[in-house]
Structure formats: structure tokens, C-alpha cells
Amino acid sequence: MTAQIQYADVEVGTELPAAAFPVTRATLVQYAGASGDFNPIHWNEKFAKEVGLPDVIAHGMFTMAEAIRVVTDWVGDPGAVVEYGVRFTKPVVVPDDGTGALIEVTAKVAAKLDDNRVRVDLTAMSAGQKVLGMSRAVVQLG
């Protein structure tokens, strides 16, 4: 696959289509199985509260992965992401209420770089709080 977005068609400030990703306790159990991260703060409400958390929280790497989907969906090729980094600022709290949580992600082109690359800055929110800081990806465009 190659990037479906052309470098010449993108300007600084170009906004990527926003997306919202639901997270339930079942999602966390599935992710734990796939990742091998069975830390009880991600599935055991009693344990999470005993260690000072408000409730069960989503895995940081899961949150990071959901956020970058905005970029990979936009560019059309996950392999076009050549760098990606974040700082974890707040946890995604996932209540056991039948609804769970929602990770809302927006992104925009922040800089045009050499070699048909762009830097995309992402904002990931949950329950009105920014859950990822300094969330940036470098993407190779066509």
C-alpha cells in the first residue's frame, strides 16, 4: 500500500476527519488478551480503586493506538506513519455502566517537512479531558 494523500494537496492547517472510539470493559479484556497486559487496573474495579484510580482505566498503548487510527484512516496506509509519539496526560476511565468511555480524536497537519512528509498533531479527549499530550505523527505522503 501507499499513501492515498498527495503532499502537494496538503497545506499546514489541513484538518483530518475527526473520529470517536468507544471503549467498554469488554474492549479492555480483548486488548489485554491480544497484548498480554493483564494488569488488574485495566479490568478489576476493586483493585483499580484500591491503588487510587477512580475506576478501571484503558491501557495507555490502546489509547495511543486508537488515536493514530485518525491518521491511518486519512492517509490510507498504516505503513505511511514513519514516527509517532505521545505523552500520557490523563487515563481513559472506563466505567462498567453498559456505555463505557469514548476517545474523541482530532488532528491537523502542523508542518510540511522534506521528502513529502508532514507532521500531524493529534488531540485525544475523553470525558472532557485531554488524555494524550504532545501527540505527533510524521507521515510519508505520495
Side-chain angles (χ1 to χ4, degrees), residues 1-45 47-49 51-142:
M1 294 179 69
T2 58
Q4 297 173 3
I5 304 295
Q6 299 300 308
Y7 183 81
D9 297 334
V10 175
E11 299 297 331
V12 171
T14 298
E15 293 185 12
L16 283 60
F21 305 101
V23 186
T24 65
R25 296 281 179 93
T27 308
L28 299 182
V29 171
Q30 292 167 337
Y31 182 81
S35 68
D37 182 352
F38 293 100
N39 186 323
I41 64 173
H42 302 304
W43 57 269
N44 184 317
E45 184 175 335
F47 183 85
K49 289 181 176 180
V51 298
L53 295 168
D55 207 331
V56 165
I57 62 170
H59 303 73
M61 298 311 269
F62 172 81
T63 304
M64 189 176 173
E66 289 292 79
I68 197 66
R69 287 175 57 189
V70 167
V71 176
T72 60
D73 289 351
W74 171 70
V75 77
D77 178 8
V81 176
V82 295
E83 291 179 32
Y84 178 44
V86 305
R87 289 190 183 170
F88 300 103
T89 56
K90 297 278 184 186
V92 175
V93 178
V94 183
D96 189 16
D97 60 1
T99 302
L102 195 63
I103 301 170
E104 299 171 283
V105 183
T106 58
K108 68 178 178 178
V109 174
K112 290 185 84 168
L113 309 172
D114 294 335
D115 299 323
N116 287 358
R117 292 180 176 192
V118 295
R119 190 186 88 219
V120 176
D121 290 354
L122 299 92
T123 300
M125 306 283 291
S126 185
Q129 295 189 328
K130 192 173 185 179
V131 295
L132 299 176
M134 299 294 291
S135 184
R136 296 179 174 170
V138 174
V139 183
Q140 181 72 55
L141 299 182

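One-based numbering along the sequence shown.
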Heavy-atom donor-acceptor pair, K112 side chain to A8 backbone, under 3.5 Å = no
inquiry  = Quick check: do F21 and V70 have side-chain heavy atoms less than 4.5 Å from each other?
reply    = yes
task = Would you indicate whether the side-chain heavy atoms of L16 and V71 approach each other to under 4.5 Å?
result = yes
remark   = When every non-hydrogen atom of A3 is compared with those of G142, the smallest separation belongs to CB-N, 3.9 Å
query = How many angstroms lie between CG in D73 and CD in Q4, if you round to the nearest 0.5 Å?
reply = 10.5 Å
task = Give, for atom CG of D37 and atom CG of L28, the distance between the pair rounded to the nearest 0.5 Å.
result = 10.0 Å
task = Compare every heavy atom of A107 with every heavy atom of L122, then report the nearest pair and how far apart it is.
result = CG-CB, 4.0 Å
message = Using the rule side-chain contact (heavy atoms from CB on, under 4.5 Å), only one of V93, I57, V92 pairs with S126; which is it?
response = V92
request  = Supply the atom-to-atom distance F38 CZ to N44 CG, rounded to the nearest 0.5 angstrom.
outcome  = 14.0 Å
ask   = If you take all heavy atoms of A67 and L132, which pair is closest and at what distance?
value = CB-CD1, 3.8 Å
request  = Find the distance between CD (E83) and CZ (R136) and round it off to the nearest 0.5 Å.
outcome  = 11.0 Å
message = Measuring only between side-chain heavy atoms, which start at C-beta, is V23 closer than 4.5 Å to I103?
response = yes
Considering all heavy atoms, the nearest A137-I68 contact = CB-CD1, 3.8 Å
ask   = Counting N and O atoms only, with roles assigned by atom type, does the side chain of N39 sit under 3.5 Å from a partner on the main chain of I41, one being a donor and the other an acceptor?
value = yes
request  = Output the distance between atom CZ (F88) and atom NE2 (H59), rounded to the nearest 0.5 Å.
outcome  = 11.5 Å
ask   = Using the ring of each side chain (for Trp, its six-membered ring), is F62 parallel, tilted or perpendicular to Y31, with breaks at 30° and 60°?
value = perpendicular
task = Drop me the distance from K108's NZ to E11's CD, to the nearest 0.5 angstrom.
result = 14.0 Å
inquiry  = Applying side chain to side chain contact (heavy atoms under 4.5 Å, CB included) to T72 and V81, what does each step give before you reach the verdict?
reply    = CA-CA 7 Å; T72 60; V81 176; 3.9 Å; yes
task = Look at atom NZ of K90 and say whether more than 12 heavy atoms of other residues, nucleotides or ligands are closer to it than 6.0 Å.
result = no
request  = Run the numbers on Q140 and N116 for side chain to side chain contact (heavy atoms under 4.5 Å, CB included), then give the verdict.
outcome  = CA-CA 6 Å; Q140 181 72 55; N116 287 358; 3.6 Å; yes
task = Answer whether the closest heavy-atom distance between the side chains of W74 and V109 falls below 4.5 Å.
result = yes
ask   = Which heavy atom in E45 sits nearest to a heavy atom in D55, and how many Å separate them?
value = CG-OD1, 3.2 Å
query = Taking H42 for the side chain and A32 for the main chain, is one N or O donor matched with an acceptor at less than 3.5 Å?
reply = no
key: Nearest heavy-atom neighbours spanning Y84 and S135   = CE1-OG, 3.9 Å
